[in-house]
Amino acid sequence: MRMSKLFVQTLREFPSDAEVMSHKLLVRAGYIRKLANGVYNYLPLMWRVLKKIENIVREEMDAAGAQEILMPFVQPSELWIESGRWDVYGKELMRLKDRHNREMCLGPTHEEVITSIAREGIHSYKQLPVNLYQIQSKFRDEIRPRFGLLRGREFIMKDAYSFDCDEAGLDKSYEIMAKAYKKIFERCGLETKMVQSDSGAIGGSVSHEFMVLVNENSENNAGENDVFYCTKCGYSANSNHAVSNLAEAEVDGKFKFAKITDTPETTSINELADFLKIPASIICKCLIYVVDGKYVAALIRGDKAVEETKLMNVFAGNDIRIARNDEIEEIMNNSGFNAVAGFIGPKGLKGVEIVADNTVKDLKNFVIGINQKDKHLVGANWGVDVELPQRIADIRLAEENDKCIECSAPLKVTKGIEVGNIFKLGTKYSKAMNATFTDKDGQEKPFIMGCYGIGISRTAAAAVERHHDENGIIWPLSIAPYRVIVVPVSDQDETQMSVAEDIYNKLSEANVEVLIDDRAERAGVKLKDADLIGIPFRITVGKTIKDNLVEFKNRSTGETITITPQEAVEKILNL
Ligand code: ATP
Ligand code: MG
């Protein structure tokens, strides 16, 4: 392809609305253009990269025995009503009505559709296992579309769904997908970590995410996930799922007798601890949340934080937020108290479900709110002064240097971009939608399902996050839009131009994806663009051509060598 013909417009500046490098660079280098918030045009260079990722995904999915299909982007509400998700899937689900007033939605995911396909097409255990996948645009009306392709509203996903007779079959399908994913990302030039992750409220399910780790201290914060990992035993988990053991802390307070004590204006744990001159670890914190519209009180040791996904899962919820002050006021009114946030305690709360984190049950002679403003109970004990809630769970956010639950070594934390995930669904959809098959024993049974996603467009952006420098993108060879760019320094110099054309023709004939920068631009502009666009190899034909030499540059190492045009061509062909 000739740069003079290629539809690409590089920009001098980064776009003003971009926060992270992949967004900045993909816009500036002419790969994408925004159409609406979280909705992008993929221009020719981008589309080539996306097709390469798609093809790697296709090859590995096919090799793993999955079969490609394509499901509609628009889905009827009936299926979602059957699965029970029409009412619980929040505002991310883009709903619309057709001319007959029938409700539809733009597919944010395809479990319902695939389950209906299996229900119609699979009747016997003899047809199982099956794994069907597609590469398709998804639409999610994300609350905060940001970071360009990393979190769009419309984006490209590969989604696969496996159907098995039993749990053992699912385990196998899951294992096969885990292996395929590892290969896919490796082939895309991306190192990933497979980490345990939240699998929602459906008890017992298993899921893993594939994370591209990004340095927290890099110039941006593209990694939206905190990944905890153990350097010793390999345990790793998303913060929404990470479990840890704690280092020893003081949990027996200095007040040996229960006493209501004035603690004026101590609305935060730190203020309370400072005021009483105690460590936060002997305070029992009580936080009020709203889970699916219902009030929940979460008790946790004063020095620890609540992990909201874990808390939400305790109540099988879909939505969680911290309660507003007016809601706390309402709870106080209903319970006959008049305290404000900071003085709330579990005792006597009406219309509130209570859950205690594992950390609070060991507390002795601790400090706790009693729903009286500017007062706390000090020296409290479970069973004597306050009842220990019946519901006890792990709702704690792990912290760096907590002890690994597997081997007790200290945990580390880093930022990660989730590029894919695999999920044991079990019978969640097949049961709800009555999708069954006849098993060996003649019994009608629901399919045992798994689902497996890869963000195609997010993977491209993650590759840019991992591979760039101050001059631009550095594509991994396997997903670069072109492998080589031939740059004649001066388009006025006949020798330079003819050698460049010759190299270009030879590479083209050998089916190498090659660009030639034949534009009437200054050398500086052409070289800058080549770096910005991120083509892995550059062959520059300049003045040294009089000695039959060209410059061969490796974009990723920055290494430059001077060789003959023939050698340059051979070097590329030998890659
Ligand atoms: P996230 O937690 O990042 O919102 P998710 O858990 O909702 O992701 P899935 O529904 O499992 O993700 O989707 C599968 C894959 O699709 C994800 O692993 C991710 O790579 C990609 N993906 C999800 N949401 C988006 C988005 N808004 N923009 C781009 N890619 C996305
Ligand atoms: Mg999401």
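Computed from a prediction, not measured in an experiment: that's the story for all the values here. Whatever order the structure lists ligands and atoms in, that order sets their numbers, starting from 1. Excluded from the calculations below are hydrogen atoms, water molecules and symmetry mates; all remaining heavy atoms, backbone and side chain alike, are included.
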Q. Under 4.0 Å between a Lys/Arg side-chain N and an Asp/Glu carboxylate O for R301 and D303?
A. yes

Any nitrogen or oxygen of [X] lying under 3.5 Å from a nitrogen or oxygen in ligand 1? Just yes or no.
X	value
G453	no
G455	yes
S457	no

Q: Please name all residues satisfying side-chain contact (heavy atoms from CB on, under 4.5 Å) with E13, sequence neighbours left out, ordered by chain then number.
A: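 E13 satisfies side-chain contact (heavy atoms from CB on, under 4.5 Å) with no other residue.
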
Q | Partners passing side-chain contact (heavy atoms from CB on, under 4.5 Å) against I269 (at least two apart in sequence or in another chain) | A | A280, I283, K285

Atoms of ligand 1, numbered as shown, that sit under 4.0 Å from any heavy atom of [X]:
X	result
V419	18 (O), 20 (O)
N421	6 (O), 9 (P), 11 (O), 12 (O), 18 (O)
R140	5 (P), 7 (O), 9 (P), 10 (O), 12 (O), 13 (O), 23 (C), 24 (N)
E142	24 (N), 26 (C), 27 (N)
G420	18 (O)
M157	13 (O), 14 (C), 16 (O)

Q) With respect to atom 6 (O) of ligand 1, which of K158, E418, R144 exhibits the smallest heavy-atom separation? A) E418

**Q.** Winner among M211, E224, R458 once heavy atoms are compared against atom 25 (C) of ligand 1
**A.** R458

Q.
Check the orientation of F210 and Y181. Use parallel for under 30°, tilted for 30 to 60°, and perpendicular for over 60°.
A. tilted

**Q.** L149 touching ligand 1 at heavy-atom level, < 4.0 angstrom
**A.**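 For ligand 1, residue contact (heavy atoms, under 4.0 Å) with L149 is present.
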
Q | Any L150 heavy atom less than 4.0 Å to ligand 1 | A | yes

Q.
Whether K412 engages the ring of Y229 as a cation-pi pair (distance to the six-membered ring centre under 6.0 angstrom, angle to the ring normal within 45°) should be assessed.
A.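 So K412 doesn't make the cation-pi contact.
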
Q. Would R48 count as a cation-pi partner of Y482, with NZ or CZ less than 6.0 Å from the six-membered ring centre and within 45° of the ring normal?
A.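 Yes, R48 and Y482 form such a contact.
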
Q: Using the side-chain hydrogen bond (donor to acceptor under 3.5 Å, both in side chains) rule, pick out the option among T192, N225, N238, N240 that qualifies with E209.
A: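 Only match with E209 under side-chain hydrogen bond (donor to acceptor under 3.5 Å, both in side chains): N238.
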
Q.
Please tell me whether H208 and Y452 form a close aromatic pair, meaning their ring centres lie under 6.0 Å apart.
A. no

Q | Test salt bridge (charged side-chain N to carboxylate O under 4.0 Å, His left out) applied to R119 and E82, E112, E444, the passing residue | A |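 Filter result, single survivor: E82.
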
